[in-house]
Amino acid sequence: MLGLFKSRGSFLSRIMVAIVTIFVFSIILISIITYYYNTKINDKITSDIYQKLLSQTDYNIQTLYERVFQIGEQLLNDNEIISGLYSKELSPVDSKKVENRIDEVVSANPYINSVYLYNGDSGRYIHTINKDVDIPTIDKQVTELIDVRKNMKKMLFLPHLQSYVYDSKSYNNHILSLIFTYSGTKNAIFINLELRAVLDLFNKMGNSAYSNFMIVDKKGLNIINSKQPDLFMHDSSDQEFISKVIQSDGKSNHFIDTIDRKKYLITYVYNEKLEWYLINTISYEYLSKDSFILLRNIILISLIVLLVSIAATVLMINKIYMPFGKVVKMIKFSRPLDTSAEHYDDVEYVSDVFKGLIHKVTSLEDLAVKDRNKLKEGFLKELLNQEGSSDDYDIAANFHKLEIQLNTSNLRVFVLVMEGEYVNGSNQLDIRMSLVKNAVYELALRIFVDNEGLEKIETGSHSMVLIMNSMEGSGLDDKLNSFLHQVEKIMSIQLKIGIGERAETAKELWHSYETAKEALHYAFLIDNESVYDYDKIQSNVRSKFSYPVKLESVLLNHLKLNDCGAALEDINDLFEEIKNCSIKDIQATLKQIGTVIDKEFNSIVNLSPMYEGYQHDSLANVISSFSKVDSLKQYYQELVHFIIQELKGNRFRDSKEIVKQACEYIQRHYRKGELSADSVATALNISIPYFSKLFNENMRVSFSTYVTNLRLAEAEGLLLNTTLRVKEIGEQIGFFNSTYFITVFKKKHGLSPNQYRQMKKAN
């Protein structure tokens with residue numbers, strides 16, 4: 001073997017050494033990387049597991065919480081249920097009606113265990129458990145939980161146990177309760193969830209033999225464990241990793257710890273709705289097993305490649321080197337050089353001879369081609385940018401002089417934008433992009449060979465312009481499809497092509513160029529296309545545009561009413577309405593609606609989180625920054641959810657304080673005729689339906705009745721203590737229609753204002 005290397009030249013030895021060296025170095029490098037990976041869990045895997053648990057937990061618990069809260073609102077808005085709750089004593093018929101109503105709620109929601117209505121004054125329960133069961137007997141914590149709920153500042157699920165025997169069958173139900181209480185009363189509504197409502201969270205997050213989920217509260221009380229789901233609220237765990245979780249003080253994070261002498265990745269999420277920690281443990285062995293399999297496979301494949309490479313090199317030496325050796329001898333004979341075998345390789349010798357010849361021949365030709373191409377590209381750029389002032393004759397002369405292979409009429413501009421892994425930032429990458437664009441141009445010449453001419457102009461690091469004689473119909477579409485397919489197949493890059501309007505003369509090329517760039521802007525609407533033809537796009541654009549004033553008004557109303565479903569429908573209708581408009585009209589419309597929303601809600605909702613994350617100072621600027629309509633639509637949907645959640649947050653303010661402020665506001669403004677529930681709700685920064693509901697519950701009268709009584713009380717004093725006419729009194733207290741004032745006064749007293757005045761004075 002050594003003799004073979006000597007006879008064939010030192011380059012063969014270097015090939016063999018290089019193969020072995022690369023192999024050994026690769027194995028060492030792979031081993032180091034794998035060892036490091038297995039001593040420290042990959043940050044990406046850790047982050048992915050954490051983000052998955054965080055998003056799934058928040059979504060599932062939020063969904064569960066909202067469903068139960070909606071059921072609570074349904075019960076609170078049911079007159080029969082509220083009457084049954086507040087009544088100290090119910091007839092059998094009324095009691096049966098209330099029971100039927102709450103039975104309907106439980107039947108409609110399979111994850112609901114039961115509902116209790118508790119009247120604190122009478123100690124009476126109405127419930128959906130078997131009616132001969134005593135609630136305080138089977139649910140010993142029920143009265144304590146009411147006190148716990150009243151001391152809380154927010155609604156939480158509270159765990160407890162139902163245990164009873166009915167019809168010779170034992171029941172032990174582990175339940176979670178959302179408790180609605182009323183300020184100033186001892187009444188409460190319990191909505192009790194089945195334990196499986198929480199167990200479903202485990203199933204959705206995918207348990208395995210290598211992982212375990214558990215839920216603990218802020219004190220370390222283990223509420224449920226996926227490996228032992230029958231254990232419910234057992235004693236606090238003494239495991240060290242749970243102590244670390246609890247010490248995080250309401251934060252979500254992850255860390256690595258040893259459990260039962262094995263390393264685990266522990267990921268935990270704190271949920272503010274429940275004030276619980278949901279903990280996931282995944283074994284280190286499970287996370288790292290794939291890397292060991294990968295290392296083994298790489299080593300086996302590398303060994304096979306090494307053996308094949310050595311065998312192929314040895315077998316091909318004679319076939320490759322023998323004809324090559326004859327050429328070397330011929331060159332050495334014709335031009336002797338001082339080339340001893342110790343200092344000069346045959347390959348190096350031949351390379352030096354031909355390198356000098358090729359360099360001399362090609363350098364002159366390259367300079368000439370580069371100069372001509374620069375002049376050609378500069379002239380065509382002037383035409384595209386409308387900078388030239390030449391007439392048609394001069395343009396035709398320049399076409400001939402610069403060897404531009406195009407007609408001077410019936411032309412069309414194609415703007416090509418390249419997408420992929422190529423980015424600006426270094427000279428090396430700029431050179432790579434230049435080579436890529438040259439290759440794309442060569443492919444275009446091959447595909448459009450039947451066309452009479454094709455010219456390329458550089459317009460940016462990732463874009464260029466092709467000018468060709470206009471082609472129409474399916475022939476152009478077929479060639480473009482073939483061109484795009486080959487570019488992606490050969491160079492693994494994607495192109496977006498904007499096709500401009502046809503230029504009748506070369507002087508009109510600038511217009512074709514501008515329309516081609518404008519066509520590419522429609523990627524905002526349809527991002528998955530590769531070709532954007534200006535003529536086809538304009539044929540589908542609606543000629544007449546009108547701003548969707550009605551849709552804007554409806555959207556604002558639904559946001560103020562906290563109707564999330566309707567507001568999302570409005571967003572869908574808005575994007576459907578404007579989808580066939582021009583890009584400029586679409587972007588201007590969406591920016592204007594963002595400005596209106598910002599102006600309408602910024603005083604009552606802190607919208608800064610919705611634009612500070614995008615490093616902008618207003619919604620309009622965030623909206624202008626989106627490059628895809630789907631992303632912008634998703635942002636609008638997120639904005640709707642955010643505004644409604646913020647508005648709904650006002651419902652947790654003290655209801656008595658709100659009603660007190662409302663009464664003070666009414667007292668100051670009831671003499672003005674324009675006073676309404678809408679104006680009072682707006683002044684208090686809460687929604688109108690919620691204000692009406694609070695006012696009715698606390699004052700036991702409607703808003704209009706309360707205001708009318710205030711006005712009539714003042715009217716009675718003015719009738720008895722002044723000589724003002726009835727019309728003047730009505731205007732002074734807010735009745736600007738004297739006929740309506742008389743009608744309302746007579747309805748209350750049975751007498752007209754004048755009759756009332758005369759009767760009182762007579763008495």
Would you say [X]'s side chain and [Y]'s backbone share a donor-acceptor pair under 3.5 angstrom?
X	Y	result
Y636	G594	yes
D78	E80	yes
N109	I112	no
N280	I266	no
T682	D678	yes
S107	E104	no

If only side-chain N and O atoms count, and only distance matters, is there a donor-acceptor pair under 3.5 Å linking [Y] with [X]?
X	Y	value
Q661	E657	yes
Q162	N172	no
H160	S177	yes
N572	K633	yes
D103	T128	no
N696	S702	no
E569	H558	no

Should the heavy atoms of other residues, nucleotides or ligands under 6.0 Å from [atom1] of [X] be counted, would the total exceed 12?
X	atom1	answer
K748	NZ	yes
N100	CG	yes
K150	NZ	yes
R149	CZ	yes

State, with a plain yes or no, whether a side-chain heavy atom of [X] is found less than 4.5 Å away from one of [Y].
X	Y	answer
T267	N253	no
I129	Y164	yes
I81	I102	yes
I71	V105	yes
L556	V596	yes
Q667	L710	yes
I571	V640	yes
Y171	V165	no

Nearest heavy atoms of [X] and [Y], plus distance in Å:
X	Y	answer
F69	F180	CE1-CE2, 4.1 Å
P136	V142	CA-CG1, 4.2 Å
V680	A662	CG1-CB, 4.0 Å
C663	Y706	SG-OH, 3.8 Å
Y665	S679	OH-O, 4.4 Å
E144	K140	OE2-O, 4.4 Å

Calculate, to the nearest 0.5 Å, the distance between atoms [atom1] and [atom2] belonging to [X] and [Y] respectively.
X	Y	atom1	atom2	result
L176	I191	CG	CD1	12.5 Å
R124	N187	CZ	CG	8.5 Å
L551	L574	CG	CG	6.0 Å
L555	D570	CG	CG	5.0 Å
D147	Q141	CG	CD	12.5 Å
N709	E714	CG	CD	13.5 Å

Who passes ring-ring contact (aromatic ring centres under 6.0 Å, His included) against [X], sequence neighbours left out?
X	result
H641	none
Y670	none
Y111	none
F642	none

So Y277 and Y270, would you call those rings parallel, tilted or perpendicular, with 30° and 60° as cut-offs?
tilted
Indicate the ring-plane relationship of F190 and Y116, choosing parallel, tilted or perpendicular according to the 30° and 60° boundaries.
tilted
Residues two or more places apart in sequence or in another chain: which of them pass side chain to side chain donor-acceptor pair (under 3.5 Å) with R711?
none
Pair L193, N113 - check side-chain contact (heavy atoms from CB on, under 4.5 Å), show working.
CA-CA 5 Å; L193 274 69; N113 167 272; over 6 Å; no
Consider side-chain contact (heavy atoms from CB on, under 4.5 Å). Of L75, L117, L76, which one does L85 pass it with?
L117
Could you give me the CA-CA distance, side-chain angles and deciding distance for N192 and V115, then say whether side-chain contact (heavy atoms from CB on, under 4.5 Å) is met?
CA-CA 6 Å; N192 305 317; V115 173; 6.0 Å; no
Are H127 and E99 close enough, and set up right, to give a side chain to side chain donor-acceptor pair (under 3.5 Å), and what steps lead you there?
CA-CA 7 Å; H127 54 85; E99 290 174 1; over 6 Å; no
side-chain contact (heavy atoms from CB on, under 4.5 Å) evaluation trace for I146 with Y118
CA-CA 10 Å; I146 295 174; Y118 173 66; 3.3 Å; yes
What verdict does the side-chain contact (heavy atoms from CB on, under 4.5 Å) test give for I666 and L675, after you've listed the backbone C-alpha separation in whole Å, the side-chain angles of each residue and the deciding distance to 0.1 Å?
CA-CA 8 Å; I666 294 167; L675 181 68; 4.1 Å; yes
Run the salt bridge (Lys or Arg N to Asp or Glu O under 4.0 Å) test against D257 and tell me which residues pass, sequence neighbours left out.
K244
